[in-house]
Amino acid sequence: LYPVDQTVENVQLVLATSPEAQEGLRVRLAEERITEIKQLLEERGVVTPDLDIALSNLQLQKQKVADLLAQQKAQGKSIEQNADKLDDEFDLKEKQLEEAFKAAKDLLKNKKKELKFQLEQAEEAGDTTKANEFKNQIAQIETQLKELEAKEEEAERLLEEEEEKI
């Protein structure tokens, strides 16, 4: 369904004739990408190519808004007020993105805490097989946490680069 969704979005962008309408639509599309990212993190975790696609599309929407503003400025139009408004809207979207990453990290940390407790119980019971399973699961969660933090940092960096253009 994603290709159909993108086609509909592209048609909407073609039908948005004014730069202001296109900017508003791109802000809404950015919000949809954040919703997708949150959903992907909740449902599939960190390791999914769809997360990278959604993050890339979020950055693309912000880049396109910056490009639209640059075009308007090149045409001699005053963009300061609109740029400030769009910057504020993207700041709100970025906060939502941060919250989605935080929720995903908190979930992983809670799983890790639970596994550590189970590991202690297995070690106290002398069940080395279970203890090793729990150790492996903890290591996987630690890897996922590192990957999630790396994705979050990369998304923040890319979005900040685009924000400087607005």
Look at Lys151 together with Glu147 and state whether they make a salt bridge at an N to O cut-off of under 4.0 Å.
no
Can you give me the closest heavy-atom contact between Leu41 and Ala100, atom names plus distance?
CD1-O, 3.8 Å
Quick check: do Gln72 and Glu20 have side-chain heavy atoms less than 4.5 Å from each other?
yes
Does the side chain of Glu23 come under 3.5 Å of the side chain of Asn82 through a donor N or O and an acceptor N or O?
yes
Does the side chain of Asp91 reach to within under 4.5 Å of the side chain of Lys95, using non-hydrogen atoms?
no
Please determine if Lys105 and Glu152 form a salt bridge, counting it only when a charged side-chain N lies under 4.0 Å from a carboxylate O.
yes
Minimum heavy-atom separation for Ile34 and Leu97, please, with both atom names.
CG2-N, 4.0 Å
If I compare all heavy atoms of Leu108 with all of Ile141, which pair ends up nearest, and what's the gap?
O-CG2, 3.4 Å
Looking at Lys102 and Asp106, is there a salt bridge between them, counting it only when a charged N and a carboxylate O are closer than 4.0 Å?
yes
Answer whether the closest heavy-atom distance between the side chains of Gln59 and Glu154 falls below 4.5 Å.
no
Is the shortest heavy-atom distance from the side chain of Lys93 to the side chain of Arg33 under 4.5 Å?
no
With hydrophobic residues grouped by side-chain heavy-atom distances under 4.5 Å, do Leu55 and Leu145 end up in a single group?
yes
Derivation of the side chain to side chain contact (heavy atoms under 4.5 Å, CB included) call for Glu114 and Asn110
CA-CA 6 Å; Glu114 182 181 320; Asn110 287 336; over 6 Å; no
Given the rule in the side chain to side chain contact (heavy atoms under 4.5 Å, CB included) test, do Gln140 and Thr143 qualify, once you have shown the distances and angles that lead to the verdict?
CA-CA 5 Å; Gln140 289 173 353; Thr143 299; 5.6 Å; no
Determine whether more than 12 heavy atoms belonging to other residues, nucleotides or ligands lie under 6.0 Å from atom CD of Gln81.
no
For Leu115 and Phe134, the nearest pair of non-hydrogen atoms, with its separation, is CD2-CD2, 3.6 Å
Can you give me the closest heavy-atom contact between Ala16 and Gln22, atom names plus distance?
O-NE2, 2.9 Å
So Glu160 and Glu94, do their side chains get closer than 4.5 Å, heavy atoms only?
yes
I'd like to know if Glu31 pairs up with Arg28 as an ion pair, taking the criterion as any Lys NZ or Arg NE/NH1/NH2 lying under 4.0 Å from an Asp or Glu carboxylate oxygen.
no
Looking only at heavy atoms, what is the nearest atom pair of Leu148 and Ala104, with distance?
CD2-CB, 3.6 Å
Could you check if a side-chain atom of Gln12 sits within less than 4.5 angstrom of a side-chain atom of Val8, using non-hydrogen atoms only?
yes
Any donor-acceptor pair under 3.5 Å from Asn132 side chain to Thr128 backbone
yes
